[in-house]
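Just so you know, these numbers come straight off a predicted model, no measurement behind them.
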Amino acid sequence: MSYRTERRRRQIMAKGRQMLLTARDGSNPVTLRAYAPPPQSSQLADGMPKAAFIAQTLADELNAVNVTPRAQFYLQDGPKTYTLTDATPVYDGATICGWTLIAAGGD
């Protein structure tokens, strides 16, 4: 494991929280630990976030159950449920060490 993967792991373990990722049809639910940085002040309007919800996660939980996140998956963070608009892999060399999950909604 390289420095990049280890640094990402430490940040997500320290600052992350449990989230649930499920396919659109409700199959393959995966509980994962992810870090969603708080919105910047420029992304707030009337005290409410107006930017996309972005969560950083490790690839470990997803690889263990052979799930590749993609658009239209649901991401549940506490009481809010988001719909993924994109899922971008994070590489450490040639290996996927994590995912950046970009979502909209929050219903």
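Put simply, the side chain of Arg7 does not reach to within 4.5 Å of the side chain of Gln11, judged on heavy atoms. Two residues are said to be in side-chain contact when any heavy atoms from C-beta on lie closer than 4.5 Å; Asp92 and Arg8 fail this criterion. Looking only at side-chain heavy atoms (C-beta outward), Leu84 and Arg70 stay at 4.5 Å or farther from each other. Contact of the Arg33 side chain with the Gln18 side chain is registered, since non-hydrogen atoms from C-beta on lie closer than 4.5 Å. For the pair Phe73 and Thr22, the minimum side-chain heavy-atom distance is 4.5 Å or more. Between Arg24 and Tyr74, the closest side-chain pair of non-hydrogen atoms falls below 4.5 Å.
Nearest heavy atoms, Pro37 versus Ile54: CD-O, 3.6 Å. The heavy-atom pair separating Ala71 from Thr85 by the smallest distance is CB-O, 3.7 Å. Nearest heavy atoms, Gln56 versus Thr100: OE1-OG1, 3.0 Å.
A distance-only check finds no donor-acceptor pair linking the side chain of Thr57 to the backbone of Trp99 [under 3.5 Å].
Checking Val30, Val67, Leu21 one by one against Glu61, the side-chain contact (heavy atoms from CB on, under 4.5 Å) holds for a single residue, Val30. Of the options Asp86, Thr88, Leu62, a side-chain contact (heavy atoms from CB on, under 4.5 Å) to Pro69 is made by Leu62 and by none of the others.
Clustering ILVMFWY residues whenever any of their side-chain heavy atoms sit less than 4.5 angstrom apart, transitively, puts Met13 in a cluster other than the one holding Leu20. Under the 4.5 Å side-chain heavy-atom criterion for Ile, Leu, Val, Met, Phe, Trp and Tyr, Leu32 and Ile96 are members of the same hydrophobic cluster. Residues Leu58 and Val65 are members of separate hydrophobic clusters, defined by side-chain heavy-atom contacts under 4.5 angstrom among Ile, Leu, Val, Met, Phe, Trp and Tyr.
Around CG of Asn66, the count of heavy atoms belonging to other residues, nucleotides or ligands within 6.0 Å does not exceed 12.
Going from atom CZ of Arg17 over to atom CD1 of Ile12 covers 12.0 Å, rounded to the nearest 0.5 Å. Separating the CG atom in Asn63 from the OG1 atom in Thr95 is a distance of 10.0 Å, to the nearest 0.5 Å. Atom OG1 of Thr81 is separated from atom CZ of Phe53 by 10.5 Å, given to the nearest 0.5 angstrom.
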